[in-house]
Amino acid sequence: MLDIQLFRHNIEETAALLLKKGYQLDIDKFNQIEQTRKSLQNEQQALQASRNKLSKEVGDLKRNKQDANSHLEELNIISENLKNVTDQFNSIYEEQKQLLSEMPNIASKDVPNGKDEHDNIEVKKHGEINPLNKESLDHVKIGESLGLYLSEEATKIAQSRFIVLKDKLARIHRGLAQMMLDIHVNEHGYTEYYVPQLVNLKAMYGTGQLPKFSDDQFILNDDNLALIPTAEVPLTNLVSDKILKADELPLKMVSHSACFRREAGSYGRDTRGMIRQHQFDKVEMVQIVDPLNGLDALNEMVSHAENILKALDLPYRVVELCTGDLGFSAFKTYDLEVWLPSQKTYREISSCSLCTDFQARRIKARYKNKAGDTNLVYTLNGSGVAVGRAMIALLENHYDGKHIHIPSALRPYVGGKDVI
RNA sequence: GGAGAGAUGGCUGAGCGGUCGAAAGCGGCGGUCUUGAAAACCGUUAAGGGGGCAACUCCUUCCAGGGUUCGAAUCCCUGUCUCUCCGCCA
């Protein structure tokens with residue numbers, strides 16, 4: 001959620017910033033709501049003040065055994081008015097809140113302008129594109145030829161966009177997640193968490209998945225719970241309603257979880273293979289930081305994700321997302337894209353975002369600085385990295401026609417073998 | 001699933017329908033003392049919002065939502081969560 005002060009003082013400028021994120025603000029409507037809110041609130045508070053004052057006097061009179069009837073009459077009138085005004089205020093206040101909660105975060109000034117992913121800027125390339133996989137077989141062919149990739153079975157017991165992995169492939173998948181966790185914990189200073197993969201709707205609202213993107217979520221309406229689309233949701237909400245001490249920051253958390261997405265808007269995209277699934281595993285990093293350190297933390301987080309790809313010996317590039325491709329809560333985002341020989345292109349495998357105080361305001365995550373002031377924290381999240389896609393990239397880049405070559409960093413996690 | 005108890009500030013915890021935004025302790029901050037620190041002592045310290053250039057001032061908040069009342073942390077109802085006991089169970 002954006003700071004409402006942005007709309008009170010610089011609504012034109014704010015509207016322009018929102019437009020870059022693809023949100024069209026109706027300035028007149030907003031101003032009108034704001035004005036109504038203001039006058040109703042003033043009226044309500046004036047009535048409350050006189051009610052409080054008179055009620056106090058009633059107490060005094062009664063204690064002195066004096067007559068309070070004239071006060072009581074006046075109070076009846078005030079009560080009636082107050083009830084009226086309060087109803088009106090509540091409804092306009094709700095309307096304003098609803099409006100604000102559906103607005104995206106604004107982008108950093110230095111984020112490149114653009115419409116969609118084609119306007120993203122490549123900022124870095126790493127690794128040589130010279131895969132062992134000379135025929136550019138895709139992961140489905142490789143997995144099936146090994147007899148370890150069971151898509152029909154998955155469809156039988158679930159639906160399309162689910163997968164069953166068997167034996168060595170399941171082992172690689174598990175090993176990848178464990179390797180990533182160990183690197184983040186041992187080398188990058190994160191604390192590992194195990195978190196609920198169903199969360200309440202308040203938590204989903206807190207990180208920005210609701211109310212606007214309910215179509216993308218699996219929601220269990222009978223239980224008021226949702227399957228998490230990313231561990232960012234439970235991890236970030238860990239600090240909701242908290243006032244942290246300055247020296248507790250930064251908080252660096254990491255978790256391996258399954259992620260569930262309905263992929264409502266992506267019919268027909270990536271239907272082959274396990275690029276885009278309803279259920280996939282991800283190792284997620286979340287940082288809660290002092291606002292002064294937001295950008296440094298973002299750069300650091302990107303390097304943490306990069307280290308995973310380096311450890312796996314995978315060619316990748318880093319792109320900065322343009323304004324039109326930034327997520328709802330993001331202020332600035334870098335994606336890591338890994339080379340997929342079968343598609344002859346780089347595909348997203350990690351996304352690291354600085355969300356400034358956008359989520360913090362929703363979840364009331366604050367910290368007290370040395371001077372004793374209470375302020376909102378900044379939140380960041382990044383994949384470190386998507387496990388399924390890492391496995392795909394590993395298969396496609398390190399398959400020599402017969403075996404999958406295991407990078408040395410991963411070997412301890414898959415039984416020590418250098419080929420599988 | 002059944003029975004009972006509870007939810008109060010950063011934390012622990014007291015609280016009679018009005019003098020309660022709320023005792024006390026811890027913690028934080030400032031000071032005295034000290035070469036420095038600790039201890040001791042003194043002071044101070046909730047959050048959110050409205051109005052005002054400002055000094056300041058007003059409103060809201062004691063789990064959430066309703067209700068009773070001139071007035072609710074306190075009384076009533078509903079919900080959520082926590083704890084204890086019983087049942088079931090990976």
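By convention in this document, chain letters (A, B, ...) are assigned in the order of the sequence lines, proteins followed by strands, and residues within each chain are numbered from 1. Just so you know, these numbers come straight off a predicted model, no measurement behind them. Any value given below was found using the heavy atoms of this structure, including those in side chains, with hydrogens, waters and symmetry copies removed.
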Cut-off 3.5 Å, side chains only: do [X] and [Y] have a donor facing an acceptor?
{"X": "Glu306(A)", "Y": "Tyr316(A)", "value": "yes"}
{"X": "Asn69(A)", "Y": "Asp67(A)", "value": "yes"}
{"X": "Asp182(A)", "Y": "Tyr413(A)", "value": "yes"}

Scan every strand shown for a Watson-Crick or G-U wobble partner of [N], both distances under 3.5 Å, and answer none if you come up empty.
{"N": "A3(B)", "answer": "U84(B)"}
{"N": "G79(B)", "answer": "C63(B)"}
{"N": "U32(B)", "answer": "A40(B)"}
{"N": "C89(B)", "answer": "none"}

Categorize [X] for me: base, sugar-phosphate, or nothing, with a 4.0 angstrom heavy-atom threshold over every strand shown.
{"X": "Lys38(A)", "value": "sugar-phosphate"}
{"X": "Lys364(A)", "value": "nothing"}
{"X": "Arg37(A)", "value": "sugar-phosphate"}

[atom1]-based separation of [M] from [N] [nearest Å]:
{"N": "G28(B)", "M": "U12(B)", "atom1": "C1'", "result": "15 Å"}
{"N": "G18(B)", "M": "C76(B)", "atom1": "P", "result": "16 Å"}
{"N": "A64(B)", "M": "G25(B)", "atom1": "C1'", "result": "29 Å"}
{"N": "U69(B)", "M": "G52(B)", "atom1": "P", "result": "37 Å"}
{"N": "U84(B)", "M": "G48(B)", "atom1": "P", "result": "34 Å"}
{"N": "U44(B)", "M": "A5(B)", "atom1": "P", "result": "41 Å"}
{"N": "C77(B)", "M": "A72(B)", "atom1": "C1'", "result": "15 Å"}
{"N": "G79(B)", "M": "G13(B)", "atom1": "C1'", "result": "26 Å"}

Sequence-aligned protein contact record of nucleotides 57-64 of chain B, with B where the base is within under 4.0 Å of a protein heavy atom and S where only the sugar-phosphate is: -BSS----
Atom-to-atom span, CG of Asp223(A) to C1' of U80(B) - whole angstrom: 14 Å
Trace of the side-chain hydrogen bond (donor to acceptor under 3.5 Å, both in side chains) decision for His405(A) with Asp418(A): CA-CA 6 Å; His405(A) 291 242; Asp418(A) 57 355; over 6 Å; no
Short side-chain N/O contact to G18(B) OP1/OP2 from Ser55(A), under 4.0 Å: no
Check ion pair Glu144(A)-Lys141(A) (N to O, under 4.0 angstrom): no
Lys/Arg N to Asp/Glu carboxylate O, Arg37(A) vs Glu95(A), below 4.0 Å: no
Of all pairs that satisfy side chain to side chain donor-acceptor pair (under 3.5 Å), the ones with a partner from residues 351-360 of chain A, not counting sequence neighbours: Asn105(A)-Thr356(A), Glu232(A)-Gln359(A), Thr333(A)-Ser353(A), Asp335(A)-Ser351(A), Asp357(A)-Arg361(A), Gln359(A)-Thr379(A)
Summary of side chain to side chain donor-acceptor pair (under 3.5 Å) pairs that have at least one residue in residues 155-172 of chain A, sequence neighbours excluded: none
Nearest-nucleotide 5' precedence on RNA chain B, Asp60(A) against Arg366(A): Asp60(A)
